[in-house]
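Report on one structure; see the data block that follows.
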Number of protein chains: 2
Amino acid sequence: MSKPLILVSNDDGITSRGIRVLVGIMQKLGEVVVVAPDSPQSGMGHAITIGNTIRLDEEEIFEDVVAYKSSGTPADCVKLAKHYIFKDRKPDLVVSGINHGSNTSISVLYSGTMSAAIEGAIEGYPSIGFSLCDYSSKADFSHVEEFIERIAKQVLDHGMPKGVALNVNFPPKRNESLKGIKLCRQARAKWQEEFDERYDPNGRKYFWLAGNFVNFDKGEDNDEWAIANNYVSVVPCLFDMTAYHGITQMNEEWDWEE
Amino acid sequence: MSKPLILVSNDDGITSRGIRVLVGIMQKLGEVVVVAPDSPQSGMGHAITIGNTIRLDEEEIFEDVVAYKSSGTPADCVKLAKHYIFKDRKPDLVVSGINHGSNTSISVLYSGTMSAAIEGAIEGYPSIGFSLCDYSSKADFSHVEEFIERIAKQVLDHGMPKGVALNVNFPPKRNESLKGIKLCRQARAKWQEEFDERYDPNGRKYFWLAGNFVNFDKGEDNDEWAIANNYVSVVPCLFDMTAYHGITQMNEEWDWEE
C-alpha cells in the first residue's frame, strides 16, 4: 500500500513554528506536501483572492518535504494544491496549523487555520485544523504531538462524517498533563471588541481592533470548558450553515405577503 | 415610538450601486446609518483586521444619511458600528448588500456580504444579507426592491430565530416577474476552480483564480433551485458550525486511545 498523501497548510505562514511541528508529525504518517501562506494570515476567515493575482513558489524549507509558499489565503492554498499541484491525485488528509492561538468557539468563523480545513472538507477530503491556545510565537508544543498523531490516525482509519471538518484545540502547556480528548460543541461566546483610537503623524485618526473573549456558556460539553479543564477539544464543524429549525419556524410564523 | 435604527453595510464598497439602492429602501423603514468598506472586499469571507490599522471616516455620500467608510472588512464595519459609532444604542436591523453577484450555496462561506450579516447575528441583532445573482456593476435592481422591503418588515415585526442570519438571494432581472419567496436550505454545490497561469514582465509566474460553480443538488428545496426557478431564496444561516450528528457518530465509532 502506498503511503497516505497529506497536505499541510496554516494561517501563520510557512515559516511559523507551528507548521514545522505539524510537518514533523505528519512525516511519520505519510507523504507530506506543504502549501502555506508566505506571510501571516490570522483572522482571514474564509477569504479567497478575487480581483488580485496569486503567487505560488516552491520553497526548500522542510527536509524531505515538497513545500510551496503562496501570497494567497489559507483557502487559496488548498485550492492551489488541488487544482495545480496534485491535479489527478487526492490527498488522504488535509491538516492545518498548528495555530499559535485559540480557535475555539466563535473564533472558528474568523480563523484562517480552520478555513483551510473547511476548504478541504468542501472538496471531500478528511480535514483537521489544529490550534494551541497559546499566542506566543515561542509556545511549547511538546504536550500536543502525541494527540495530533492519534487524532490524525483516527481520521485516516475512519474517514470523516460527511460534510464535516474537525476543529481541534489544545490547552497551553501547564504543569498538569492533558486529561484526554473530548468531542465538544462550539461554546456560546463572542469577542467584546474595543477600538483603540490613535492619530497618525499627519493628525489623521486610525484604529486598532482589540478586545476580550467573553464566554456565556455554562455547559460542560463545549470547547471552552474542555480547554479550561485541560482536555483536548474536538469540534466537528459543518460547512452547511442552514438553520433547519429556522426554516420550520419561519414557515409557520412569518407571512411574506403582509 | 421612535423609528427603528438600521445599520447598512456591504462588501462591494460604499460607492457601489447595490448599497445605494439598499439605503434608499431602508430610509422608508427607519433611521439609517451606513458603515461600509472604502473599496471592494468581495470574497473576504469572515475576515477581520488583526495586526493592521483600520481607518474610519465620515463620508457625505447619501442624502440625509450618516455614513462612514472604512478600510476594514465587512465584519470590521459591523464591529466599528457597534463599539465606536452606536456605543449605547442597538440597531434594530443590520442589512448588508445588495451584493453585485450570487451568494447562494457554498458561496455563503466566501461572502463578505454575508459576513457582515453573520457578525450582526453574533451580536444579537436581526441581520440580513441581500445579493442579486447578476455580477454586472450596472445590474437592474428594480425587481427586488419590493421584496427587500417586505422581508425587512417581516424581520422588524417577528425578530429573528436565535443564532440566525438570513441569506437572501434574488434572480437576475428576467422577462418573467419573480414568483415569490422560498425558504430554502443551502444547496450542495461547490466551485470548480481553474488557475489561470501567467508570467509577469520579469518572467515570474503568477495566477488568477477562476472557475465554475458546480451544483450537485437535485432537490427542489434549496437556494440554487429557487433562483433557477425565479423565486427569491431565503436561507436562515447559523454561526454555530457544530455538526451535532458528527459528535454522536464519532463518540460511537472512534477510539481515541488506539
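Convention: sequence-line order gives letters A, B, ...; per-chain numbering from 1. Just so it is clear, the values below take in all heavy atoms, side chains as well, and ignore hydrogens, waters and symmetry mates.
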Does any heavy atom of chain A fall under 4.5 Å from the side chain of [X], the backbone, both, or neither of them?
| X | answer |
| --- | --- |
| B:Phe195 | side chain |
| B:Ile106 | side chain |
| B:Arg204 | both |
| B:Leu166 | side chain |
| B:Phe147 | neither |
| B:Asp221 | neither |
| B:Thr49 | backbone |
| B:Ile118 | side chain |

Of the listed residues ([options]), which shares the most heavy-atom pairs with chain A below a 4.5 Å separation?
| options | result |
| --- | --- |
| B:Asp200, B:Val234, B:Asn167 | B:Asp200 |
| B:Gly246, B:Cys237, B:Ala210 | B:Cys237 |
| B:Arg188, B:Glu197, B:Lys82, B:Lys162 | B:Glu197 |
| B:Met44, B:Met250, B:Glu194 | B:Met250 |

Worksheet item: Which value, rounded to the nearest 0.5 Å, describes the distance between B:Leu80 atom CG and A:Leu209 atom CG?
Response: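 Going from CG on B:Leu80 over to CG on A:Leu209, the span is 8.0 Å.
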Worksheet item: With distance as the sole criterion, is a donor-acceptor pair present between the side chains of B:Thr73 and B:Asp76 under 3.5 Å?
Response: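 There is such a pair (donor and acceptor under 3.5 Å, judged by atom type) between the side chains of B:Thr73 and B:Asp76.
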Worksheet item: Is there a donor-acceptor contact under 3.5 Å linking the side chains of B:Thr113 and B:Asp11?
Response: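 The criterion, which ignores hydrogens and geometry beyond distance, is satisfied for B:Asp11 and B:Thr113.
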Does the [X] side chain pair with the main chain of [Y], one donor and one acceptor, at a distance under 3.5 Å?
| X | Y | result |
| --- | --- | --- |
| A:Ser9 | A:Val35 | yes |
| A:Asp38 | A:Lys69 | no |
| A:Ser105 | A:Ala187 | yes |
| B:Asp12 | B:His100 | yes |
| A:Ser115 | A:Gly45 | yes |
| A:Ser70 | A:Cys77 | no |

If we define contacts as heavy-atom pairs under 4.5 Å, which of [options] has the most with chain B?
| options | answer |
| --- | --- |
| A:Leu56, A:Val235, A:Val108 | A:Leu56 |
| A:Asp240, A:Ile50, A:Asp223 | A:Asp240 |
| A:Lys190, A:Lys79, A:Glu123 | A:Lys79 |
| A:Ile151, A:Val164, A:Ile181 | A:Ile181 |
| A:Glu253, A:Arg198, A:Gln186, A:His245 | A:Gln186 |

Item to complete: Could you label the plane-to-plane angle of the B:Phe207 and A:Tyr84 rings as parallel, tilted or perpendicular, counting under 30° as parallel and over 60° as perpendicular?
Response: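 Rings of B:Phe207 and A:Tyr84: perpendicular, over 60°.
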Worksheet item: Would you call the rings of A:Trp254 and B:His158 parallel, tilted or perpendicular if under 30° counts as parallel and over 60° as perpendicular?
Response: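 Aromatic pair A:Trp254/B:His158 classed parallel.
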Is it the backbone or the side chain of [X] that comes under 4.5 Å from a heavy atom of chain B, or both, or neither?
| X | answer |
| --- | --- |
| A:Val232 | neither |
| A:Glu193 | both |
| A:Asp196 | neither |
| A:Gln41 | neither |

Practice prompt. Grab the two heavy atoms, one from B:Ile247 and one from A:Arg185, that are nearest each other, plus how far apart they are.
Written response: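 What the structure gives for the nearest pair is CD1-N, 3.9 Å.
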Worksheet item: If you draw a 6.0 Å radius around NZ in A:Lys90, do more than 12 non-hydrogen atoms from other residues or ligands fall strictly inside?
Response: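 Open.
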